[in-house]
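FYI, side chains are in, hydrogens and waters are out, and symmetry mates aren't considered; it's all heavy atoms of this structure. A, B, ... follow the sequence lines: proteins, then strands. Residue 1 opens every chain.
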Protein chains: 2
Amino acid sequence: MSNPRSAKTKKRTRIQQKNEIKILNGALDIFSQHGFRGSTVDQIAEISGMSKPNLLYYFNSKEAIIRILIDQLLDKWLDPLRKIDPDGEPLSEIQSYMRRKLEMSRDFPRESRLFANEILQGAPRVHDELKDLKKLVDEKAAVITSWIKAGKLAKCDPYHLIFSIWATTQHYADFDVQVKAVLGPKQSGPGRFEDAARFLDQLYVNGLKPQK
Amino acid sequence: MSNPRSAKTKKRTRIQQKNEIKILNGALDIFSQHGFRGSTVDQIAEISGMSKPNLLYYFNSKEAIIRILIDQLLDKWLDPLRKIDPDGEPLSEIQSYMRRKLEMSRDFPRESRLFANEILQGAPRVHDELKDLKKLVDEKAAVITSWIKAGKLAKCDPYHLIFSIWATTQHYADFDVQVKAVLGPKQSGPGRFEDAARFLDQLYVNGLKPQK
DNA sequence: TGTAATATTTACCAGACGGTAAAAAATTTC
DNA sequence: GAAATTTTTTACCGTCTGGTAAATATTACA
C-alpha cells in the first residue's frame with residue numbers, strides 16, 4: 001500500500017500528521033464554501049499548499065476526505081444535545097443548549113455549512129448517522145416531555161422545539177452572508193452573536209407577548 | 001439570433017412556452033437538489049425530456065437558466081414579508097408572517113433549497129438583490145420597533161426576530177431529510193407542518209415558561 | 001554515512017462536462 | 001402544398017477534473 005492512511009501501521013510521521021491536518025483544514029474551507037461537487041481537488045491542494053498528486057498521496061480520493069470531515073463533524077455536532085441534563089432546571093437547560101449551539105455556529109461556521117450542504121443535498125453520506133441522531137433526539141425529547149408533564153415547561157412538541165433551536169442557531173453560520181448583508185456593516189461585528197443570544201433567550205422564555 | 005429567448009421578439013411559440021416551462025421546472029428540480037456546480041446540463045435535459053443541445057437552443061447556458069430561476073424566486077420569496085401590515089394587530093401580524101413563510105416551505109421546498117444553496121455558497125449570484133432585501137427588512141424592522149414602543153410587543157431586537165422566523169420556517173424545507181429522519185415515518189406526513197405551526201405559535205406568543 | 005522508507009514532482013490519461021455547427025425534421029405561413 | 005421558419009438531432013470540440021505511474025528528492029534510522 002502506498003497510501004499512509006490506508007496502511008495498518010498506526011504510527012504516523014511528523015510530516016504525515018502535519019499534512020493530514022493541513023489537508024483536512026483546507027478541505028473544510030473549500031467543501032463548506034462550494035459543496036462537494038463544486039469543490040475540486042486542485043483547489044484543496046492549493047489552499048493546503050501542496051500539489052494535487054501529493055495530496056492524493058495522503059488521501060485516496062476526494063470522497064475519502066469528505067468522509068473523514070463528516071465523521072469528525074457529526075460527533076462534535078451532537079455534543080451540545082448530549083449535554084442536556086435531565087436533572088437540571090428545564091428552562092435553563094433549554095437556554096444552555098441554545099447557547100451552546102449558538103457558540104458552535106460562531107466558532108465552527110465551516111462545519112455548520114458543511115453539514116448544511118450535506119443535508120440540503122439529500123444527505124447521501126449521512127443516512128446511517130441520521131439513525132443515531134434520531135435515537136438521541138428521541139431520548140432528549142422524552143426528557144423534555146417529562147419536564148412538561150412536571151409543569152416545568154409550557155406544553156409544546158419537544159421535537160419541533162429541538163428543530164427550532166437547530167434552525168435559529170445554525171442560521172447564523174449557514175446564512176451568514178445574508179445576515180451580514182441585512183444587518184449592515186455596523187451591526188455585523190462579532191457582537192451579533194450576543195444580540196442573537198439575547199433575543200433567543202427572550203423568545204424561548206417569554207415569547208413576544210408584552211409583559212405586564 | 002438563433003436563441004428564441006435572447007431575441008427581442010415578444011411572441012413565443014406554443015412549443016417555446018411549453019419547453020421553457022419544462023426546462024425551468026426540471027432545472028429547479030436538479031439545481032435545488034445538487035446545487036449549481038453539482039448539476040449538469042445533461043441531467044436537466046433528461047428530466048425535462050429533451051436532448052442537451054435542444055435545451056441549449058432555448059437557454060444560452062446553464063448560468064442563464066439559474067439566473068432566471070433566482071430572479072423568479074426572490075420576488076416570490078419576499079412577498080410574505082411585504083405583506084406585514086403596519087396597521088395590523090402586532091402579535092397576529094407576526095404569527096401570520098410566520099405561517100405564510102411556513103406555507104412557502106411546504107408548498108415550494110425546491111425554491112427554498114435553491115435559495116439556501118445560493119446563500120450557503122456565498123451568494124455569488126444574489127449580491128445585488130441582497131441590497132433590496134436589506135431595504136425591505138429595515139423598513140419592517142422599523143414597523144416592529146414602533147410596535148414595541150407602543151407596548152404591543154415584548155422588547156426585542158426586530159432583526160433577530162425576523163431571522164428567527166426565516167430560520168425556523170425554512171428549516172422544514174431545507175433540512176427536510178433530517179426532519180423526516182428524526183420524526184420517523186409515523187410523524188413525517190404532511191401533518192408535520194401543522195404541528196410545526198402549532199409549536200411556533202406557542203413559541204412566538206408565550207415562549208416556553210409554564211403558564212400559571 | 002549509507003540505505004531503506006517516506007515524500008514530492010513531473011507527466012500523463014480517461015471520462016465528464018459545457019457548449020457549438022450544421023444538417024435533418026417538423027411546423028407554420030402564405 | 002411549397003417556401004420560410006422553427007425545432008430537433010447528430011456529430012463534434014476544448015477544457016476541466018479526479019486520479020495514476022513512475023521518476024526524483026527528502027527524511028529517518030542503523
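- Within the cation-pi definition used here (under 6.0 Å to the ring centroid, within 45° of the axis), K83(A) does not qualify as a partner of Y97(A).
- Picking from dG19(C), dT10(D), dG19(D) the nucleotide with the shortest atom distance to the side chain of S61(A) gives dG19(D).
- For the pair H34(A)/Q43(A), a side-chain contact is recorded, criterion being any heavy-atom separation below 4.5 Å from C-beta on.
- Within residues 31-50 of chain B, the residues approaching DNA chain D are R37(B), by heavy-atom distance under 4.0 Å.
- For R113(A) and D174(A), the salt-bridge test fails: no basic side-chain N is under 4.0 Å from an acidic carboxylate O.
- Between I23(B) atom CD1 and dT8(D) atom C1' the separation is 12 Å, expressed in whole Å.
- Put simply, the side chain of K52(B) and the base of dG18(C) share a donor and an acceptor less than 3.5 Å apart.
- A salt bridge links R198(A) with D195(A): the distance from a Lys NZ or Arg NE/NH1/NH2 to an Asp or Glu carboxylate oxygen falls below 4.0 Å.
- Considering only side-chain N and O atoms, Q16(B) lies nowhere under 4.0 angstrom from the phosphate OP1 or OP2 of dT6(D).
- Partners of R106(B) under the salt bridge (charged side-chain N to carboxylate O under 4.0 Å, His left out) rule, at least two apart in sequence or in another chain, do not exist in this structure.
- Note: CD1 (I65(B)) to C1' (dG19(C)) measures 12 Å, nearest angstrom.
- Atom pair I30(B):CD1 and dG18(C):P shows a separation of 12 Å (rounding to whole Å applied).
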Please test H160(A) against Y172(B) for ring-ring contact (aromatic ring centres under 6.0 Å, His included), starting from the C-alpha separation and ending with a verdict. CA-CA 10 Å; H160(A) 291 280; Y172(B) 291 95; 5.5 Å; yes

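- Atom CG of N54(A) and atom C1' of dG19(D) are 14 Å apart (whole Å).
- Atom NZ in K62(B) sits about 12 Å away from atom C1' in dG19(C), given to the nearest Å.
- Within the 4.0 Å cut-off from OP1 or OP2 of dT6(C), not a single side-chain nitrogen or oxygen of Y58(A) is found.
- With respect to the salt-bridge test (charged N to carboxylate O, under 4.0 angstrom), the residues E63(B) and R125(B) qualify.
- Distances shorter than 4.0 Å separate some side-chain N or O of N19(A) from OP1 or OP2 on dT8(C).
- Of the charged side-chain nitrogens involved, at least one lies within less than 4.0 Å of a carboxylate oxygen, so that R192(B) and D176(B) count as a salt-bridged pair.
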Please list, for nucleotides 26-30 of chain D, all pairs of protein and nucleotide N/O atoms separated by less than 3.5 Å.
{"from": "dA28(D)", "atom 1": "OP1", "to": "R14(A)", "atom 2": "NH1", "distance (Å)": "2.7"}
{"from": "dA28(D)", "atom 1": "OP1", "to": "R14(A)", "atom 2": "NH2", "distance (Å)": "3.3"}

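- Here the nucleotide nearest the side chain of Y57(A), chosen from dT8(C), dA11(C), dT7(D), is dT8(C).
- Between L24(B) and F59(B) there is a side-chain heavy-atom pair separated by less than 4.5 Å.
- Between the CG atom of L55(A) and the C1' atom of dG19(D) there is a distance of 11 Å, given to the nearest Å.
- Regarding K18(B), its NZ atom lies at a distance of 12 Å from the C1' atom of dT8(D), rounded to whole Å.
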